[in-house]
Amino acid sequence: LLHALEEIRYLALAQGDPTNNINMPKQNNFFNALHYRCVEVVKASQYVELANDLEINKAITYLRQKDFNQAVETLKMFEKKDSRVKSAAATNLSFLYYLENEFAQASSYADLAVNSDRYNPSALTNKGNTVFANGDYEKAAEFYKEALRNDSSCTEALYNIGLTYKRLNRLDEALDCFLKLHAILRNSAQVLYQIANVYELMEDPNQAIEWLMQLISVVPTDSRALSKLGELYDSEGDKSQAFQYYYESYRYFPSNIEVIEWLGAYYIDTQFCEKAIQYFERASLIQPTQVKWQLMVASCFRRSGNYQKALDTYKEIHRKFPENVECLRFLVRLCTDIGLKEVQEYATKLKRLEKMKEIREQRIKSGRDSSGGSRGRREGSAGSDSGQNCTASSKGERLSAKLRALPGTNEPYESSSNKEIDASYVDPLGPQAERPKTAAKKRIDEDDFADEELGDDLLPE
C-alpha cells in the first residue's frame with residue numbers, strides 16, 4: 001500500500017500522462033489511471049482482499065461525480081466474485097436502477113444481492129423498495145422488518161416501513177416508526193415532516209403545527225413547510241398567522257401558484273386590490289395561457305378606480321384571447337360606463353361570438369339526438385343543463401376571499417339573434433363591499449301638528 005501511495009504521489013507531482021505504461025488500460029481520466037495503479041499494487045501484495053473494496057469505492061466515487069454509466073460498468077465486474085463482494089455490488093446496482101425507474105432490473109439485482117448475502121440489510125431494503133414500487137406494501141413491510149431484525153440501526157428500513165404503514169393507513173404504527181427514527185436522527189428534516197404529516201392525517205392540526213415549527217427551525221427556508229403551516233393556520237381560521245407563513249413561503253419560492261393565489265385572494269378579502277395586482281401579474285407570467293389571472297388583474301384595476309388601466313388590460317386580453325366571451329362582456333360594460341364609441345365594435349364581436357357558440361352547441365345537441373334517440377335527447381338536454389350548472393358551481397368562490405374563477409372559452413352561452421346583446425358579467429373578484437354609511441343626521445320629522453287647523457283663539461290679535 002505504501003508503495004502504491006508513493007507511486008500515486010509521484011504521478012500527481014509529475015502531472016504527466018500515466019497511461020503511457022503498457023500494463024495500464026488507456027483511460028482519459030487521470031483519476032482512473034491512478035486508481036488502477038493503486039489496485040494493481042494492492043493485488044500484488046498480501047492485502048489482496050482490499051482490492052475489491054477499492055474497486056467498489058471507485059464505483060461510489062463515480063456516483064458522487066454523477067457518472068452513472070461508469071459506476072454501473074465498474075459494479076458489473078463483481079457478478080462473478082465471491083458472495084460478499086457480489087452482494088455489495090449487486091446492492092449498489094439495484095439502487096442505481098431504482099433511481100432510474102428501471103424497477104425490473106432493480107428487482108433482479110436486489111434478488112441477486114439477497115441470495116448472495118441474506119443478512120445484508122441494505123440488500124433487503126432495496127428489495128423492499130422494488131416491491132413497494134409495485135404496490136405490494138404488505139410484502140415490502142416484511143422485507144423492511146427482516147432488514148431491521150438483521151440490523152436494528154438500519155435507519156433506511158425504519159423510515160421506509162413508516163412510509164409503508166402510512167400507505168396502508170396504519171397511522172399509529174407509522175407514527176411510532178417515525179418517532180423512533182426521530183430519537184436516532186434528531187435534526188432530520190424528512191423525519192420531522194413525516195411526523196407532522198401523520199398528525200395532519202390523524203386530524204390533529206395542533207400537533208402538526210408544532211412539528212412543522214420544529215422543521216422550520218432546522219430548515220427555515222423550506223417554502224413547502226412554510227406554505228403547509230399557512231394552510232393549517234388558515235384551516236384553523238387564523239388568517240394573520242396564515243398570511244405570515246404564506247408570505248414567507250412566497251419570499252423563498254415565488255413560483256408556487258397556490259401560494260400566489262392565496263395571497264392575492266387575501267388582499268382582495270381585506271379590500272386592498274392594489275396589492276393583489278402584483279400577485280396576479282406574477283401568476284399570469286407563470287401560466288400565460290390561463291386567461292383568468294389576467295382578468296383578475298384587470299378587475300383589480302377597475303375596483304381600485306383605475307379605469308383607464310383596466311380598459312387597457314382588457315384590450316390586451318382581448319388581443320391575446322379573442323374568443324373569450326367574459327373579456328368582451330367586461331369591455332362592453334366598461335366602454336358603456338365610460339361612454340366610448342368602441343362599445344359598438346365590441347358589442348358586435350360579442351354578438352357574433354355568442355352566435356357561433358350557439359351554432360356549435362346546436363350541432364353537438366343534434367349529434368347526440370341522432371345517435372341516442374329519444375333517450376339520448378333527454379340525456380343530451382340534461383347534460384347540457386348540468387354542464388352549465390356544474391360550471392357555475394365548480395367555479396365558485398375560492399379560498400376565503402370570494403375569488404371566483406372565470407368560465408373557459410369553450411363554455412356554452414345561449415344567445416339569439418332577435419334578442420338584445422347580453423352584456424352582463426360576473427366580477428371574478430366577487431361583489432364589491434358596500435361603503436360604510438356616514439353618521440349624517442336624520443332628517444327632522446315634520447311637525448306633528450302641521451295638519452291641524454289653528455283656532456281663532458290662537459291667532460294673533
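A side-chain donor-acceptor contact under 3.5 Å links Ser153 and Asp151. For the residue pair Asn129/Tyr144, the side-chain donor-acceptor check at 3.5 Å is satisfied. In this model, no donor atom of one side chain and acceptor atom of the other lie less than 3.5 Å apart for Asn197 and Trp211. Remark: the Arg282 side chain and the Tyr250 side chain contain an N/O donor-acceptor pair separated by less than 3.5 Å. Checked by atom type, the side-chain pair Glu146/Asn150 shows no donor-acceptor distance below 3.5 Å.
In this structure, Pro205 and Glu236 have side chains that are in contact, with non-hydrogen atoms separated by less than 4.5 Å. Between Ile257 and Trp293, the closest side-chain pair of non-hydrogen atoms falls below 4.5 Å. Tyr346 is not listed as a side-chain neighbour of Leu350, based on a closest heavy-atom distance of 4.5 Å or more. In this structure, Thr125 and Cys154 have side chains that are in contact, with non-hydrogen atoms separated by less than 4.5 Å. Residues Met202 and Asp172 are in side-chain contact: their nearest non-hydrogen atoms beyond the backbone lie under 4.5 Å apart. At a threshold of 4.5 Å between non-hydrogen side-chain atoms, the residues Gln194 and Tyr159 count as touching. Under the 4.5 Å side-chain criterion, counting only non-hydrogen atoms from C-beta, Leu163 is in contact with Asn160. Counting heavy atoms from C-beta on, the side chains of Phe143 and Val131 come closer than 4.5 Å.
Lys139 and Glu142 are not joined by a salt bridge, as no carboxylate oxygen comes within less than 4.0 angstrom of a charged side-chain nitrogen. A salt bridge links Glu354 and Arg329; the closest N-O separation between the charged side-chain nitrogens and carboxylate oxygens is under 4.0 Å. With respect to the salt-bridge test (charged N to carboxylate O, under 4.0 angstrom), the residues Lys349 and Glu345 qualify. Checked for salt-bridge contact, Arg170 and Glu138 meet the test: a charged N lies under 4.0 Å from a carboxylate O. Using a 4.0 Å cut-off between charged side-chain N and carboxylate O, Lys292 and Glu326 make no salt bridge.
With rounding to the nearest 0.5 Å, the separation of CD1 in Ile209 from NZ in Lys228 is 11.0 Å. Atom CG in Asp111 sits 4.5 Å away from atom OG in Ser107 (nearest 0.5 Å). To the nearest 0.5 angstrom, Leu295 atom CG is 4.5 Å from Ile317 atom CD1. Put simply, CG on Leu212 and OH on Tyr233 are 9.5 Å apart, with the number rounded to the nearest 0.5 Å. The structure places CD of Glu261 at 7.5 Å from CZ of Phe280, a figure rounded to the nearest 0.5 Å. In this structure, OH in Tyr98 is found 9.5 Å from CZ in Phe95, a value given to the nearest 0.5 Å.
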Exercise for review: Kindly determine whether Asp312 and Gln308 satisfy side-chain hydrogen bond (donor to acceptor under 3.5 Å, both in side chains), including the steps that lead there.
Suggested key: CA-CA 6 Å; Asp312 295 339; Gln308 186 58 47; 3.2 Å; yes
Review point. For Tyr307 and Phe301, what are the C-alpha separation, side-chain angles and deciding distance, and is it a ring pair (Phe, Tyr, Trp, His ring centres under 6.0 Å)?
Key: CA-CA 7 Å; Tyr307 296 108; Phe301 279 126; over 10 Å; no
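Checked by atom type and distance alone, the side chain of Ser108 never pairs as donor or acceptor with a backbone atom of Gln105 at under 3.5 Å.
Within a 6.0 Å radius of OH in Tyr252, other residues, nucleotides and ligands contribute more than 12 heavy atoms. Other residues, nucleotides and ligands contribute over 12 non-hydrogen atoms within 6.0 Å of the NZ atom of Lys315. Crowding of Phe103 atom CZ: a count of heavy atoms from other residues, nucleotides or ligands under 6.0 Å exceeding 12.
Residues forming a side-chain contact (heavy atoms from CB on, under 4.5 Å) with Thr270 (at least two apart in sequence, or on another chain): Tyr266, Tyr267, Phe272. Annotation: salt bridge (Lys or Arg N to Asp or Glu O under 4.0 Å) contacts of Lys166 (sequence neighbours excluded): none.
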If you look only at distance, which donor and acceptor atoms sit under 3.5 Å apart when one is on a side chain in residues 175-193 and the other is two or more places apart or in another chain?
residue, atom, partner, partner atom, Å
Asp176, OD2, Lys180, NZ, 3.4
Ser188, OG, Val191, N, 3.4
Tyr193, OH, Arg224, NH2, 3.3

